[in-house]
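One structure, pasted below without further comment.
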Amino acid sequence: MIKKEMIAMLLAGGQGSRLGVLTTKVAKPAVSFGGKYRIIDFPLSNCINSGIDTVGVLTQYQPLRLNTHIGIGIPWDLDRNIGGVTILPPFEKSVNSEWYTGTANAIYQNIEYMESFNPDYVLILSGDHIYKMDYEVMLDFHKQNDAVVTIAAMPVPFEEAKRFGILITDENRKIVDFEEKPENPRSNLASMGIYIFSWKVLREALIANANQPNLDFGKHIIPHCHEAGQRLFAYEYNGYWKDVGTLNSYWEANMELVDIIPEFNLYEEYWRIYTKSNTLPPQYISSESVVEKSIIGEGSDICGKVYNSVIGCGVHIGKDTVVRDSIIMNETSIGEGCTIEKGIIAENVVIGDHVHLGAGQEAENETDPHIYNNGIVTVGERSTVPGGVTVGKNTVISGKTVLEDYPDGQIVSGKTLIKAGEER
Amino acid sequence: MRAIGIILAGGNNHRMKELSQKRAIAAMPVAGSYRSIDFALSNMTNSHVQKVGVFTQYNARSLNEHLSSSKWWDFGRKQGGLYVFTPTMTAENSYWYRGTADAIYQNLSFLRNSHEPYVIIASGDGVYKMDYNKVLEYHISKKADVTVVCKDMDPHENVERYGILKMNEESRIEDFEEKPVVAKTNTVSCGIYVIRRRQLIELIEKSAEEDRYDFVRDILVRYKNLKRIYGYKIKEYWRNIATVEDYFRTNMDFLKPDVRDYFFRQYPDVYSKVDDLPPAKYNVGANIRNSLISSGCIVNGTVEDSVVFKKAFIGNNCYIKNSIILNDVYIGDNTHIENCIVESRDTIRANSYHKGEDGIKIVMEKNERYVL
């Protein structure tokens with residue numbers, strides 16, 4: 001008989017549209033982070049480090065990169081005879097075929113998968129946060145309190161509380177009420193979107209709400225359990241936890257990694273973060289180069305000057321190029337004599353010689369000021385930037401651009417240059 | 001596939017000096033992220049050899065640890081796989097491996113129970129990329145009994161530690177001397193052989209009967225006129241790392257762009273065990289010139305013309321020049337290291353000074369490390 005005490009369900013189907021061009025072709029959990037990692041590596045590593053060896057990954061939006069990254073789970077030791085990692089895309093049924101229409105709907109559509117492991121508890125995770133957390137400790141808390149639902153929550157400053165789902169608890173951390181993005185928060189305990197459910201209750205709640213459109217945990221399942229008078233608890237977490245949902249928070253979280261002793265420390269022996277490594281060789285730093293306050297991935301070739309930046313694997317940076325306050329992802333190549341300031345350059349980008357990214361004064365982005373702001377230059381994956389051009393701040397470039405796309409050889413601050421449909 | 005593979009990784013010698021105290025040569029770290037045996041293993045898997053036996057004896061712990069899973073080289077297969085043979089006591093035999101031929105003899109069932117017609121024998125201390133199928137094709141076309149891969153070394157190089165061979169115009173080996181006092185040619189054997197499986201079993205059994213145990217001395221050299229032994233000359237990069245000088249030089253070769261390009265960028269790749277280390281980190285004060293830095297390193301000082309292996313920590317105001325820093329080394333602040341090989345897991349106290357005056361100095365301090 002197959003029996004797992006707790007299995008994890010990892011929601012990785014969302015687009016993450018606030019990451020702009022970074023998620024045009026990949027789901028947010030598959031976006032690179034911290035040089036060699038992808039965002040989904042953090043919850044997956046947390047699972048295996050917490051002793052959870054059965055993880056269902058729910059995919060929907062642009063899953064190819066996720067599928068190839070996860071494979072059969074070898075990097076996370078999740079290649080198991082029983083359990084292990086399973087990718088769960090939406091599938092056709094004899095009646096009522098549909099996409100995953102909400103977080104809980106996705107889980108509902110996979111009741112059979114969960115049932116096959118005969119679990120006592122189900123852990124619900126989302127694939128878009130950076131943190132290290134021992135879910136086993138959270139499970140102990142769940143058991144001690146005889147809880148039916150435990151929600152991981154972290155204290156946030158009151159002024160920021162209105163961006164989150166807020167939990168109001170009694171002195172024993174039992175949840176008495178909750179508010180979604182309240183104007184005047186009554187508490188500062190923000191839900192982290194991590195839930196432990198006792199399986200029977202989750203199953204019952206999913207089936208009871210099956211016909212609810214866009215079935216969601218925060219909006220429907222948790223209130224359903226609360227109204228039924230179930231024991232809901234908040235598990236307070238005080239470690240590092242970062243939502244990287246916007247370009248700005250994504251950039252900041254990456255930049256924190258280059259501090260002398262980063263708050264989120266990847267160099268600790270304990271609680272390793274695993275990822276699929278395609279590139280093994282060491283990195284080469286040439287005689288003319290300067291590298292300071294940066295992290296650099298395997299197999300990169302650095303001939304220029306790199307300050308305060310996060311560089312991925314297999315990156316090439318040409319001679320006399322200066323890279324400052326930037327994120328450069330895997331396999332990207334930057335020519336000679338370039339200047340790159342506060343850029344987020346996605347994977348497999350080719351940038352010609354003497355390109356200046358992040359020049360001039362800031363100006364509001366013309367198409368998506370809520371996405372592209374704070375002076376960041378964003379270049380989407382597999383883009384080409386021709387040599388000799390100048391690009392301003394709060395700009396975005398995507399696609400195989402040529403010199404003709406740059407009037408007078410430049411893109412001024414706030415411009416959007418997305419060439420769609422030319423690829424493939 | 002038409003061949004099985006054998007990798008001879010048991011050896012050790014005094015020419016590696018203190019470096020061999022810790023491990024067999026095949027387990028020596030090479031080029032920042034690899035172990036010496038990775039090259040032979042990757043060549044095997046890239047040549048589609050599915051079944052490979054590794055023969056090991058001397059100080060095999062480090063090597064066994066490296067081979068703890070065969071999946072990194074894609075040998076985790078139902079058909080074939082990676083077999084590690086360490087000496088065992090049996091009813092008939094209680095000896096260690098007394099030589100390379102003896103090692104094969106003691107595991108002859110590995111050869112007998114295979115069905116592939118050919119065997120590729122390689123050593124674990126070579127750094128090279130090779131498609132063994134090309135050697136096999138050549139072997140078949142020459143109707144050879146044994147094919148020996150060989151290379152012309154630089155004329156000024158000392159080749160007396162190799163097997164030296166002389167070929168006629170048809171590439172048949174006329175003369176084969178193992179580690180001669182004075183080498184007659186500069187064509188050296190790379191320690192890579194192709195031989196028909198049944199032929200190998202026959203030769204090994206005959207040697208065992210005569211109490212002869214060495215594959216090169218007792219088979220290749222003895223049978224050089226009797227059997228059709230051919231040389232297959234390679235022009236590509238090949239180095240043996242079995243002396244301190246060669247080990248140092250081979251690592252330093254990876255600072256050259258063409259060598260890096262050949263091994264790291266051109267197809268096929270070299271595989272190794274994945275260590276799950278974070279990216280290398282450069283703090284304020286780091287100053288790197290012409291060096292290889294591996295993952296998991298934290299650098300605070302100056303590194304010049306050096307190869308730094310995985311997970312090394314280099315303190316503030318250090319000066320590392322023309323040196324090899326092996327895995328997991330901690331170097332305290334204000335330390336000067338020049339022309340050295342720093343042994344793995346070593347802890348160098350702050351304000352130390354090490355310099356190889358004539359030749360390469362091997363640094364092994366064996367200090368306690370206090371970890372917070």
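Per chain, numbering begins at 1; letters A, B, ... match sequence-line order.
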Checking Glu269(A) against chain B: side chain, backbone, both or neither under 4.5 Å from a heavy atom? side chain
Part of residues 319-338 of chain A lying next to chain B, heavy-atom separation under 4.5 Å: none
Structural part of Ile302(A) lying under 4.5 Å from a heavy atom of chain B: neither
At a 4.5 Å cut-off on heavy atoms, which part of Phe309(B) comes close to chain A: side chain, backbone, both, or neither? neither
Part of Ser286(A) within contact of chain B (heavy atom distance under 4.5 Å): backbone
So, the part of Val290(A) with a heavy atom under 4.5 Å from chain B: the answer is neither
Are Phe254(B) and Phe263(B) near enough that their ring centres are under 6.0 Å apart? yes
Yes or no on side chain to side chain contact (heavy atoms under 4.5 Å, CB included) for Leu78(A) and Ile48(A), after CA distance, side-chain angles and deciding distance? CA-CA 7 Å; Leu78(A) 285 168; Ile48(A) 196 68; 3.8 Å; yes
Row check, Tyr262(B) ring normal vs Lys129(B) NZ/CZ: under 6.0 Å, within 45°: yes
Give a yes/no verdict on a cation-pi contact between Arg260(B) and Tyr284(A), requiring under 6.0 Å between NZ or CZ and the six-membered ring centre and an angle within 45° of the axis. yes
Taking every heavy-atom pair that is under 4.5 Å apart, which of Ser294(B), Ser295(B), Ser291(B) has the most such pairs with chain A? Ser291(B)
Heavy-atom proximity to chain B below 4.5 Å, by part of Val258(A): backbone
Show me, pair by pair, the donor-acceptor contacts under 3.5 angstrom made by side chains of residues 274-286 of chain B, not counting sequence neighbours?
unit_1    : atom_1 : unit_2    : atom_2 : d
Asp275(B) : OD2    : Lys310(B) : NZ     : 3.0
Lys281(B) : NZ     : Asp259(A) : O      : 2.6
Lys281(B) : NZ     : Ile260(A) : O      : 3.1
Lys281(B) : NZ     : Asn283(B) : OD1    : 2.8
Tyr282(B) : OH     : Gln283(A) : OE1    : 2.7
Asn283(B) : ND2    : Asn300(B) : OD1    : 2.9

Sort out for me which of Val307(B), Val270(B), Leu255(B), Leu292(B) touches chain A most, counting heavy-atom pairs under 4.5 Å. Leu292(B)
Assert top hit (heavy-atom pairs under 4.5 Å, partner chain B, pool Ser294(A), Gly314(A), Ser277(A), Pro75(A)) equals Ser294(A)
Think Lys132(A) forms a cation-pi with Phe42(A), using NZ or CZ under 6.0 Å from the six-ring centre and within 45 degrees of its axis? no
Which atoms of Asn265(A) come close to chain B, meaning under 4.5 Å heavy atom to heavy atom: side chain ones, backbone ones, both, or neither? neither
Is it the backbone or the side chain of Tyr37(A) that comes under 4.5 Å from a heavy atom of chain B, or both, or neither? side chain
